[in-house]
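This structure is a prediction, so every number in the text was calculated from the model and none was measured. Heavy-atom basis, side chains included; hydrogens, waters and symmetry copies ignored. Numbers here are sequence positions counted from 1.
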Amino acid sequence: VEIKPPTYTCSVEAIDRKLLKQAFPLKHVFHIYHNYLLIDADGTMTVDWNEWRDYFLFNPVTDIEEIIRFWKHSTGIDIGDSLTIPDEFTEDEKKSGQWWRQLLAGGIAGAVSRTSTAPLDRLKIMMQVHGSKSDKMNIFGGFRQMVKEGGIRSLWRGNGTNVIKIAPETAVKFWAYEQYKKLLTEEGQQVGTFERFISGSMAGATAQTFIYPMEVMKTRLAVGKTGQYSGIYDCAKKILKHEGLGAFYKGYVPNLLGIIPYAGIDLAVYELLKSYWLDNFAKDSVNPGVMVLLGCGALSSTCGQLASYPLALVRTRMQAQAMLEGSPQLNMVGLFRRIISKEGIPGLYRGITPNFMKVLPAVGISYVVYENMKQTLGVTQK
């Protein structure tokens with residue numbers, strides 16, 4: 001489309017930079033609106049001044065950048081898993097310091113969200129590890145067993161480690177994501193979906209490598225009996241003493257492999273749902289609203305978890321194998337074979353019900369806390 005204002009003609013790229021102050025293709029902005037009003041009213045594939053003027057007179061948009069940012073930052077909602085694509089920020093946000101405020105708000109929201117859904121998370125781990133021993137372990141029976149063994153407080157066992165690892169993981173993931181994007185794209189080039197996926201997956205792998213020992217300790221604390229460990233430090237000391245340094249990376253390979261399907265499917269489904277909503281429902285406003293964002297986030301995350309869950313289950317069992325008496329110390333392939341031969345394909349999805357049960361409350365709590373923390377920290381809302 002060629003734009004022709006009264007006194008001059010300029011390219012789409014030039015107008016794009018003028019409007020957005022970054023290389024965001026204007027055709028994507030047009031795509032948002034094409035379903036309910038075409039700027040090119042006479043179908044000549046040329047937008048003259050009258051069409052341009054009339055379009056924005058009847059359909060005012062106060063801030064296109066804010067619309068883009070609204071969608072972009074909605075992907076960073078924490079649901080208690082550590083495989084999501086990292087958030088990304090504009091140059092203005094980086095220079096103004098808004099980026100660290102948003103990351104801090106997201107970290108606090110993640111801590112509150114994970115703490116609120118910690119009982120379901122611990123139940124998931126218990127079902128993953130002990131499900132093969134008793135096919136009768138269900139949600140209510142699992143909760144009853146945990147409360148009977150350690151009281152109500154035991155439902156939050158391992159949550160401290162899960163919360164503490166948010167800060168280092170977020171910092172490493174954000175830093176690594178920025179570095180990988182620079183490596184994969186030329187200077188001034190727009191980062192595409194494929195580059196985001198690769199950069200996000202590699203950043204997730206880098207962050208996981210850094211904080212993985214905490215993942216192992218979280219599992220050990222969650223599976224451990226009352227009094228077995230007095231805290232994180234005691235857990236680390238006993239693992240090091242009895243199993244050596246290598247124990248802190250048990251299950252690392254399936255965990256790393258799980259990042260790719262989770263991140264790829266999560267991002268792809270989110271983009272698909274977003275495009276579908278824009279194409280079919282964006283008639284009066286391009287602002288999707290809270291419910292649409294939560295729905296897109298929950299569904300995309302669920303699809304990602306379905307794809308990566310067998311790897312997550314094998315990872316958890318490898319982390320906890322040393323705690324199970326009489327259990328052989330198998331590698332990833334050996335565990336897959338053992339689970340499929342003894343429990344069938346359903347055995348690879350043990351504990352997925354409480355995992356799904358925590359998605360909606362985790363997303364909802366995280367979103368509410370995130371928005372409130374942004375206001376408290378003075379994150380600019382245009």
Gap between atom CG of L313 and atom CD1 of I339 - 0.5 Å precision: 5.0 Å

Connected via hydrophobic side-chain network under 4.5 Å: M332 and L256: no

W156 and R122, any side-chain heavy atoms less than 4.5 Å apart: no

Separation of T376 OG1 from R101 CZ (nearest 0.5 Å): 12.5 Å

Donor-acceptor side-chain pairing of Y309 and Q128 below 3.5 angstrom: yes

Linked, directly or transitively: L221 and V163 (ILVMFWY side chains, under 4.5 Å): no

Modelled atom types, side-chain donor and acceptor of E215 and N255, under 3.5 Å: no

Side-chain donor/acceptor of Q375 to backbone N/O of N372, under 3.5 Å: no

Carboxylate-amine/guanidinium contact R114 D121, below 4.0 Å: no

Worked check of salt bridge (charged side-chain N to carboxylate O under 4.0 Å, His left out) between E243 and R220: CA-CA 13 Å; E243 302 171 56; R220 294 294 183 93; 2.8 Å; yes

Joint cluster assignment, V314 & Y252, ILVMFWY side-chain distance < 4.5 Å: no

L330/F336 under side-chain contact (heavy atoms from CB on, under 4.5 Å): CA gap, chis, key distance, verdict: CA-CA 9 Å; L330 301 175; F336 265 118; over 6 Å; no

Side chains of H130 and V223 in contact at under 4.5 Å (non-hydrogen atoms): yes

Side chain to side chain, Q145 and E149, heavy atoms closer than 4.5 Å: no

Closest approach of V269 to C303 (non-hydrogen atoms, all atoms of both residues): CG2-CB, 4.0 Å

side-chain contact (heavy atoms from CB on, under 4.5 Å) between M357 and I139, intermediate numbers included: CA-CA 11 Å; M357 287 173 65; I139 293 173; 3.5 Å; yes

Distance-minimising heavy-atom pair for A322 and K250: CB-NZ, 4.0 Å

Stacked cation flag K173 on Y177, 6.0 angstrom / 45 deg: no

R157-T226 side chain donor-acceptor pair, cut-off 3.5 Å: yes

Side-chain ion pair, R350 and E343, N-O less than 4.0 Å: yes

Rounded distance (nearest 0.5 Å) linking atom CD1 of I345 with atom CD1 of I340: 4.5 Å

Derivation of the side-chain contact (heavy atoms from CB on, under 4.5 Å) call for I352 and L306: CA-CA 8 Å; I352 200 168; L306 274 172; 3.9 Å; yes

Side chain N355, main chain G351, donor-acceptor under 3.5 Å: no

Residues M214, F248; criterion side-chain contact (heavy atoms from CB on, under 4.5 Å); working and verdict: CA-CA 8 Å; M214 298 184 77; F248 289 106; over 6 Å; no

Side-chain H-bond candidate by donor/acceptor type, Y180 with T206, under 3.5 Å: yes

Closest contact, heavy atoms only, G151 versus S154: O-OG, 2.6 Å

Within one Ile-Leu-Val-Met-Phe-Trp-Tyr cluster: V216 and V129, side-chain cutoff 4.5 Å: yes

Neighbour count above 12 (heavy atom, 6.0 Å) for F356 CZ: yes

Closest heavy-atom pair and its distance - A109, V369: CA-CG1, 3.6 Å

Any donor-acceptor N/O pair, S113 side chain to A362 backbone, under 3.5 Å: yes

Distance, nearest 0.5 Å, that separates CG of N159 from CD1 of I164: 9.5 Å

Cluster link L245 to M318, ILVMFWY, side chain under 4.5 Å: no

Spacing of I108 atom CD1 and L377 atom CG [to the nearest 0.5 Å]: 5.5 Å

Approximate separation, where rounding is to 0.5 Å, of I125 CD1 and N162 CG: 7.5 Å

K124 side-chain N/O to T353 backbone N/O, donor-acceptor pair under 3.5 Å: no

Modelled atom types, side-chain donor and acceptor of E169 and Y212, under 3.5 Å: no

Atom of I239, atom of A247 and distance for their closest heavy-atom approach: CG2-CB, 3.6 Å

4.5 Å side-chain heavy-atom contact, L104 and M373: no

Closest heavy-atom pair and its distance - I166, G110: CD1-C, 3.7 Å

Residue pair Q102 / Y370, side-chain donor-acceptor N/O under 3.5 Å: yes

